[in-house]
Undergrad: 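Can you read through this structure? Questions will come right after.
Atoms considered below: every heavy atom in the structure, side chains included; atoms not considered: hydrogens, waters and symmetry mates. Keep in mind that this is a model prediction, so the values were computed, not measured.
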Amino acid sequence: MEIPKQYDPKQAEQHHYERWERSGFFAPEINRDPAAPVFSIVIPPPNVTGSLHMGHALQHTMMDVLSRYKRMDGYRTLWLPGMDHAGISTQLMVTRELKKEKLTRHDLGREKFVERVWKWKKESGGQITLQMRREGASVDWSREKFTMDEDLSRAVREVFVRLYDDGMIYRGNRIVNWCPNDQTVLSDLEVQKEAHAGKLYYLQYPVKGSNQRVTVATTRPETMLGDTGVAVNPKDDRYRDVVGVTLELPLTGRQVPVVADEFVDPEFGTGAVKVTPAHDPNDYEMGQRHNLAEIAVIDQHAKMTNDAGAEFAGLDRYQARDLVVEKFAGLGLLEKVVDYEFSISKCERCKTVIEPLTSTQWFLRMDHLRDMALQLSRQEKKPRFVPEIPYEKIYTTWLENLRDWTISRQLWWGHQIPAWYTPDGEVVVARTEEQARNKAGTDQLVQDPDVLDTWFSSALWPFSTLGWPDETDDLKTFYPTSVLITARDIIFLWVSRMVMTGMKFMHERPFDDVFITGTILDPHGQRMSKTKANGVDPLQVFDKFGVDATRLKLASVGSTDVRWNDKQVESYRNFANKIWNAARFCLMNADGAKVEAGALAISGDTPLHDRWILSRLNKTSQVVRNALADYEFHEAVQVLYHFFWDDFCDWYIELSKTEVTAEEDNVQRTRARTTLLSVLEQALRLLHPFMPYITEDLWLRLPGTDQSLLHPAYKEAEPTIMLAAYPKAQSELIDENVEWQMQSVIDLISRVRNIRSEMNIKPGEAVPVMIAAADDALRSVFTANKNQIKRLARAGEVMISEKLDAPRASARAVLAGGAELAVPLEGLIDFEQERQRLRKEREKLESESAKVQAQLSNPQFVERAPAEKVTELRARIEDIAQRVGQLEQTIQNLG
RNA sequence: GCCCGCUUGGCUCAGUGGUAGAGCACUCGCUUCACACGCGAGGGGUCACUAGUUCGAAUCUAGUAGCGGGCACCA
């Protein structure tokens with residue numbers, strides 16, 4: 001046979017994907033059953049600037065497992081791929097490239113710059129889509145989307161116009177998060193709060209016409225230049241007298257009032273708060289309540305403005321801070337400075353400290369959208385979060401506290417806002433410039449230069465990718481999608497917004513379930529990140545252990561955070577090799593037989609081990625299906641692993657070897673080979689969603705794998721395991737009695753092996769084995785499998801009787817069901833050692849018996865526990881008693 | 001500050017009211033004709049701690065400790 005002894009993942013990974021893609025296996029159209037149920041997933045679109053990391057590999061594995069499973073199960077399956085234009089990230093990427101040419105984006109101008117970004121996108125963007133092919137992701141590339149595609153952009157404009165017409169989008173001057181580095185406004189979600197060890201400065205403001213001073217505490221002294229008031233709590237007795245008085249603001253000479261506001265916490269600092277409406281969100285609101293002026297003293301580059309005064313204008317905010325403090329100290333108005341830890345807001349992308357500024361931006365009112373999402377959650381429990389705890393609560397709590405969303409960005413890369421201004425400054429919002437001209441009655445229009453937040457277009461992803469606003473077939477067929485699989489950090493940014501826009505524009509949830517994956521941490525439990533450079537590259541893991549092994553590891557991660565460990569992938573690499581070699585054995589002994597669906601039935605003369613493996617196989621398929629239905633990927637992987645390795649390889653192959661490897665070509669051999677091949681084939685199908693490459697590679701090599709094995713929905717397709725039917729559990733083949741019988745034989749063989757090992761019997765040496773069972777059924781099971789016992793226990797003569805009559809010099813064991821075992825070992829046995837061994841075993845049984853006895857002798861237990869439990873315990877204690885009796889007898893006989 | 005989660009063998013993790021599990025690591029024995037990325041046989045845990053509920057708790061409840069996460073307008 002030309003099959004190598006070792007599985008080479010690279011060989012299998014080379015050819016199959018290309019064929020699958022070329023043959024259209026990934027497209028839902030491959031399914032020819034008009035009545036087929038539908039399964040659909042949209043991919044969380046990776047950033048066009050991104051490359052594959054473990055988080056992607058993890059999500060993609062799970063999406064692919066489900067897609068492949070459902071496809072094999074006959075569903076019309078669509079897994080839709082695509083990418084996100086990732087406004088800020090991409091713009092930064094290209095800006096950095098320009099910098100190498102000593103250019104800025106302003107040198108190019110907007111139009112040329114955007115052209116340049118498109119060029120970059122075409123040439124270097126989307127590296128990740130190539131990497132996804134390596135992963136084996138069964139996405140339909142013919143439906144690949146990009147958020148800046150013309151059709152998706154049309155959906156964006158449509159949504160914007162409709163929301164504007166509904167009065168939900170508005171333009172306003174408000175305090176916003178400004179990134180002085182990226183030169184754009186950011187939404188609250190794009191701002192990171194970080195603990196910061198700073199200082200709290202106590203500044204004194206003189207009361208006008210008095211020696212009195214009011215002390216305020218601040219972490220940002222430079223903002224005092226923009227103060228237009230001081231606030232105290234109305235209930236604060238300390239400040240009762242000063243409410244209403246005028247203060248003379250140092251350094252500026254500005255006269256500012258003291259106002260009373262409930263917001264002020266008397267416990268904090270001095271109980272008096274300086275109010276800078278132009279540079280602090282809370283002060284902004286207080287300013288609104290008390291009609292305080294807004295004086296912007298910091299500009300968009302975080303430099304002080306002319307309004308900050310001649311001495312400060314042009315200074316950086318931190319230089320200004322030092323100067324303000326120095327001046328206060330000089331004036332004797334700096335009361336004290338204390339160390340103080342507080343949280344500081346940073347730009348999520350560039351880590352620059354955010355400057356709160358008042359600015360004119362576009363906002364989306366969230367109240368109506370929020371209410372629809374909350375109602376969907378409360379009334380229909382949709383989407384269903386898995387795991388429910390803690391994500392459902394995190395999601396609804398966030399919704400409840402939702403504020404308006406700042407949707408404009410001062411970038412060039414993105415969807416330009418479909419709003420135009422007339423020479424009079426009138427705003428016209430329209431789907432196209434032409435429409436805007438008609439509406440405005442003039443062609444002297446200037447379009448708003450801003451673009452929309454990247455997440456605005458991602459929010460439409462589940463329906464914009466399917467053709468909305470047109471009522472396409474895809475939209476009708478695949479919306480709402482079945483499940484969304486993503487990481488927890490974009491529940492707010494993305495998941496919630498898809499729900500809200502889905503409800504608003506489709507009047508229906510975008511997906512039934514949301515599965516939140518765990519996070520893969522580095523070996524020390526730290527999050528993997530670029531800055532820490534502690535990430536593990538999935539592509540390197542693929543190279544080292546193979547894609548299938550990596551996928552198996554990733555699938556078993558499920559929804560909990562785990563520390564990465566190569567060893568686990570290595571063990572799945574070994575598993576892949578095990579599968580390879582099991583198939584190798586089957587193929588080496590396949591002459592005269594082929595895979596046959598009919599072999600998976602039983603008849604009167606089907607041997608026990610065949611009945612047994614069929615029972616195990618069907619049980620496995622049932623458990624795997626149930627696990628996948630509940631997104632219990634870990635459970636599915638474990639069950640498949642143990643079925644294949646323990647049941648199929650360790651026992652079934654060994655049990656069927658005699659017949660399968662027989663020299664003579666006869667009916668038994670053919671039947672045994674057929675069953676072996678057919679069980680292997682079913683096992684490969686069960687494994688395929690997790691390990692697509694090795695299963696396809698082997699499946700195609702099996703004799704008899706033709707179109708007839710495909711799911712009826714794919715009858716016309718070329719043979720491929722990915723379109724074979726996913727095995728259904730046939731309950732008539734699950735037989736507990738058969739499993740018990742086989743287990744008795746397995747236990748017996750294990751006990752003999754145990755004795756051999758403990759007695760240091762040479763592997764090649766055959767020993768006589770004496771078995772006794774009073775129970776007729778059990779005895780006949782042993783008798784029927786005498787040759788199996790002989791071979792697998794390396795026994796010489798096997799004697800089976802009703803009562804044990806073994807020589808004194810025997811090693812013994814007692815088995816379940818009252819069976820006994822003796823291995824005569826004349827001359828090899830140390831009687832004292834054997835007695836010790838048996839006593840140890842008796843002690844084990846006795847301590848277990850004592851525990852059970854204690855329970856049974858408790859009248860409360862007998863009274864209150866379920867009757868079947870009590871019966872079960874009584875039966876168990878009886879069995880133990882019998883075994884202890886037998887052991888006792890044996891020990892005595894030893895003398 | 002508020003809310004939530006986790007704590008199980010040396011390591012990484014399953015399990016979740018009725019006899020403690022896996023993989024890796026470890027010990028012993030094997031070139032047994034599919035596989036040494038293997039085969040066979042073993043050792044190892046009072047399931048963080050305390051109190052409670054229960055006939056019975058690793059599993060439920062409360063608290064404690066350690067770790068982690070989410071939210072927050074404390075100047």
Side-chain angles (χ1 to χ4, degrees), chain A residues 1 3 5-7 193 200 216-220 223 231 263-265 267-276 280-286 340 342-343 387 389-391 393-394 397-398 401 488-489 491-492 519 521 523 525 527 545 549 553 556-558 560-568 570-589 632 634-635 637-638 641-642 649-650 653-654 657 661 749-750 753-758 760-764 791-792 794 848 851-852 854-856 858-866 869-870 872-873 876 880:
Chain A
M1 241 346 177
I3 303 170
K5 274 187 168 189
Q6 219 172 63
Y7 171 55
K193 300 256 169 134
L200 191 57
V216 294
T218 180
T219 54
R220 301 196 57 194
T223 61
F263 167 78
V264 180
D265 175 5
E267 304 293 315
F268 187 86
T270 60
V273 186
K274 62 190 272 310
V275 184
T276 324
D280 182 281
N282 300 312
D283 291 8
Y284 178 79
E285 283 172 20
M286 271 199 283
Y340 180 61
F342 57 100
S343 66
I389 297 169
Y391 300 114
K393 199 174 165 193
I394 289 179
T397 307
W398 181 79
N401 299 306
R488 65 169 152 264
D489 51 356
I491 293 177
F492 306 146
T519 307
L521 307 168
R527 275 186 102 86
F545 298 113
K553 161 62 195 164
S556 66
V557 165
T560 49
D561 293 359
V562 292
R563 298 178 186 207
W564 183 260
N565 186 346
D566 264 10
K567 283 281 178 196
Q568 297 160 348
E570 190 181 339
S571 82
Y572 286 123
R573 189 270 318 261
N574 296 350
F575 180 54
N577 196 237
K578 188 76 182 174
I579 296 170
W580 182 261
N581 278 289
R584 183 166 172 263
F585 171 78
C586 298
L587 286 167
M588 283 165 71
N589 300 97
E632 284 166 357
H634 180 274
E635 167 79 1
V637 170
Q638 290 309 306
Y641 181 95
H642 290 292
C649 293
D650 287 351
I653 287 182
E654 296 304 329
K657 252 180 192 170
T661 62
I749 292 167
S750 297
R753 285 171 173 176
N754 173 246
I755 288 171
R756 295 184 62 107
S757 182
E758 296 209 355
N760 296 314
I761 312 286
K762 294 244 163 20
R791 205 162 42 84
L792 298 181
R794 295 199 163 234
E848 194 191 330
K851 265 195 268 179
V852 179
Q855 254 187 305
L856 280 170
N858 180 349
Q860 303 263 48
F861 171 74
V862 181
E863 201 176 303
R864 301 196 198 185
K869 197 84 240 168
V870 179
E872 191 188 310
L873 283 195
R876 184 157 19 126
I880 294 171

Undergrad: Just the rounded figure in Å: distance from P of B:G29 to CZ of A:R794.
TA: 18 Å
Undergrad: B:A65 and B:A25: how far apart are their P atoms, nearest whole angstrom?
TA: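 Nearest-Å result for B:A65 against B:A25 at atom P: 39 Å.
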Undergrad: Check the pair A:L521 / A:W564 against side chain to side chain contact (heavy atoms under 4.5 Å, CB included), numbers first and verdict last.
TA: CA-CA 6 Å; A:L521 307 168; A:W564 183 260; over 6 Å; no
Undergrad: So what does A:F492 touch, heavy atoms closer than 4.0 Å: a base, only the sugar-phosphate, or nothing?
TA: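 Sugar-phosphate, backbone atoms only, no base.
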Undergrad: Could you list the protein-to-nucleotides 12-17 of chain B atom pairs, N/O on both sides, closer than 3.5 Å?
TA:
unit_1: B:U12; atom_1: O2'; unit_2: A:Q568; atom_2: NE2; d: 2.5
unit_1: B:C13; atom_1: OP1; unit_2: A:R563; atom_2: N; d: 2.6
unit_1: B:A14; atom_1: OP1; unit_2: A:T560; atom_2: OG1; d: 2.3
unit_1: B:A14; atom_1: O2'; unit_2: A:H634; atom_2: ND1; d: 3.1

Undergrad: Quick one: stems involving RNA chain B, counted as three or more successive Watson-Crick or G-U pairs, both distances short of 3.5 Å.
TA: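 As far as RNA chain B goes, consecutive pairing (with distances under 3.5 Å) yields the stems B:1-7 with B:65-71, B:10-13 with B:21-24, B:26-30 with B:38-42, B:48-52 with B:60-64.
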Undergrad: Could you tell me whether A:K657 sits above the aromatic face of A:F585, with NZ or CZ closer than 6.0 angstrom to the six-membered ring centre and within 45 degrees of the axis?
TA: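 Yes, A:K657 sits over the ring of A:F585.
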Undergrad: Report the residue (A:D283 or A:K869) whose heavy-atom-nearest nucleotide on RNA chain B is the more 5′ of the two.
TA: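 Result of the comparison: A:K869.
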Undergrad: Map A:K851 and A:Y340 onto RNA chain B by nearest heavy atom, then report which one ends up closer to the 5' terminus.
TA: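 Nearer the 5' end of the strand: A:K851.
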Undergrad: Output the rounded distance in Å from CG (A:L587) to P (B:A34).
TA: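 Rounded to whole Å, this separation is 13 Å.
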Undergrad: Rounded to the nearest angstrom, tell me the gap between atom CG in A:N760 and atom P in B:G42.
TA: 13 Å
Undergrad: Roughly, in whole Å, what's the span from CH2 in A:W580 to C1' in B:A36?
TA: 19 Å
Undergrad: Do A:I394 and A:F492 pass the side chain to side chain contact (heavy atoms under 4.5 Å, CB included) test, and can you show the C-alpha distance, the side-chain angles, and the key distance before you say yes or no?
TA: CA-CA 9 Å; A:I394 289 179; A:F492 306 146; 3.4 Å; yes
Undergrad: Kindly point out which of B:U19, B:A34, B:A75 is positioned nearest to the side chain of A:I653?
TA: B:A34
Undergrad: Using whole Å, what does the distance between atom P of nucleotide B:G5 and atom CZ of A:R488 come to?
TA: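 That distance rounds to 14 Å.
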Undergrad: When rounded to the nearest Å, what value does the distance between P atoms of B:U19 and B:C30 take?
TA: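 So the two P atoms sit 38 Å from each other.
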Undergrad: Compare the minimum distances between each of B:C73, B:G18, B:A34 and the side chain of A:R584, then state the nucleotide with the smallest one.
TA: B:A34
Undergrad: Under 3.5 Å between N/O atoms: give me all the protein pairs with nucleotides 37-41 of chain B, atom names plus distance.
TA:
unit_1: B:C37; atom_1: O4'; unit_2: A:N574; atom_2: OD1; d: 2.9
unit_1: B:C37; atom_1: O2'; unit_2: A:N577; atom_2: OD1; d: 3.3
unit_1: B:C37; atom_1: O2; unit_2: A:R573; atom_2: NE; d: 2.9
unit_1: B:C37; atom_1: O2; unit_2: A:N574; atom_2: OD1; d: 3.4
unit_1: B:C37; atom_1: N4; unit_2: A:Q6; atom_2: OE1; d: 2.1
unit_1: B:C37; atom_1: N4; unit_2: A:Q6; atom_2: NE2; d: 3.0
unit_1: B:G38; atom_1: OP1; unit_2: A:N574; atom_2: ND2; d: 3.3
unit_1: B:G38; atom_1: O3'; unit_2: A:K578; atom_2: NZ; d: 3.1
unit_1: B:C39; atom_1: OP1; unit_2: A:K578; atom_2: NZ; d: 2.6
unit_1: B:C39; atom_1: OP1; unit_2: A:W645; atom_2: NE1; d: 2.7
unit_1: B:A41; atom_1: O3'; unit_2: A:N754; atom_2: ND2; d: 3.1
unit_1: B:A41; atom_1: O2'; unit_2: A:S757; atom_2: OG; d: 3.3

Undergrad: What distance, rounded to whole Å, do you find between the two C1' atoms, one in B:G43 and one in B:G9?
TA: 11 Å
Undergrad: Check this for me: does any side-chain nitrogen of one of A:D561 and A:R488 sit under 4.0 Å from a carboxylate oxygen of the other?
TA: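 Looking at A:R488 together with A:D561, the answer is yes, because their closest N to O distance falls below 4.0 Å.
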Undergrad: Provide the distance between the two P atoms, one in B:U16 and one in B:U61, to the nearest whole Å.
TA: 15 Å
Undergrad: For nucleotides B:C73 and B:G5, find the distance between their C1' atoms and express it as a whole number of Å.
TA: 27 Å
Undergrad: Without decimals, in angstroms, what is the distance between A:E654 CD and B:C33 P?
TA: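 Going from CD in A:E654 over to P in B:C33 covers 11 Å.
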Undergrad: Which nucleotide in the list B:G18, B:C3, B:C74 gets nearest to the side chain of A:D265?
TA: B:C74
Undergrad: Taking the P atom in each of B:A48 and B:A41, what is the distance between them to the nearest angstrom?
TA: 31 Å
Undergrad: Do A:S571 and A:K553 pair up side chain to side chain, a donor and an acceptor below 3.5 Å, judged on atom types alone?
TA: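 A:K553 and A:S571 do not have a side-chain donor-acceptor pair below 3.5 Å.
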Undergrad: When you look at A:I579 and A:Y7, which way does the side chain to side chain contact (heavy atoms under 4.5 Å, CB included) test go after all the steps?
TA: CA-CA 9 Å; A:I579 296 170; A:Y7 171 55; over 6 Å; no
Undergrad: Hey, are the side chains of A:T223 and A:K274 touching, using non-hydrogen atoms and a 4.5 Å cut-off?
TA: yes
Undergrad: Choose from B:A75, B:G23, B:U32 the nucleotide whose nearest atom is closest to any side-chain atom of A:H642.
TA: B:G23
Undergrad: Could you tell me how far B:C11 sits from B:G45 if I compare only their P atoms? Round to whole Å.
TA: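 Their P atoms lie roughly 14 Å apart.
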Undergrad: In this structure, how many angstroms lie between the C1' atom of B:C71 and the CG atom of A:N401, rounded?
TA: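 Those two atoms, CG and C1', are 8 Å apart.
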Undergrad: Picking from B:C4, B:G18, B:G23, which would you name as closest to the side chain of A:Y641?
TA: B:G23
Undergrad: Please evaluate residues A:V273 and A:V216 with respect to the criterion side chain to side chain contact (heavy atoms under 4.5 Å, CB included), reporting the C-alpha separation (whole Å), side-chain torsions for both, the decisive distance (0.1 Å), and the verdict.
TA: CA-CA 5 Å; A:V273 186; A:V216 294; 5.9 Å; no
Undergrad: Answer yes or no: is there a side-chain heavy-atom contact under 4.5 Å between A:Y572 and A:F545?
TA: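 No - every pair of side-chain heavy atoms lies 4.5 Å or more apart.
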Undergrad: So, are A:E848 and A:K851 salt-bridged, with charged N and O less than 4.0 Å apart?
TA: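 So A:E848 does not pair with A:K851 through a salt bridge.
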Undergrad: Given B:A36, B:G23, B:G69, identify the nucleotide with an atom nearest to the side chain of A:K5.
TA: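 Looking only at side-chain atoms, A:K5 lies closest to B:A36.
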Undergrad: Mind calculating the distance between CD1 (A:I394) and P (B:G68) to the nearest angstrom?
TA: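 For the pair A:I394 CD1 and B:G68 P, the rounded distance is 17 Å.
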Undergrad: OP1 or OP2 of B:C24 sitting under 4.0 Å from any side-chain N/O of A:Y572?
TA: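 Result: no.
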Undergrad: Report yes if some heavy atom in the side chain of A:V870 is under 4.5 Å from a heavy atom in the side chain of A:L856; otherwise report no.
TA: yes
Undergrad: Determine the Euclidean distance between corresponding P atoms of B:C47 and B:U8; express it in Å to zero decimal places.
TA: 11 Å
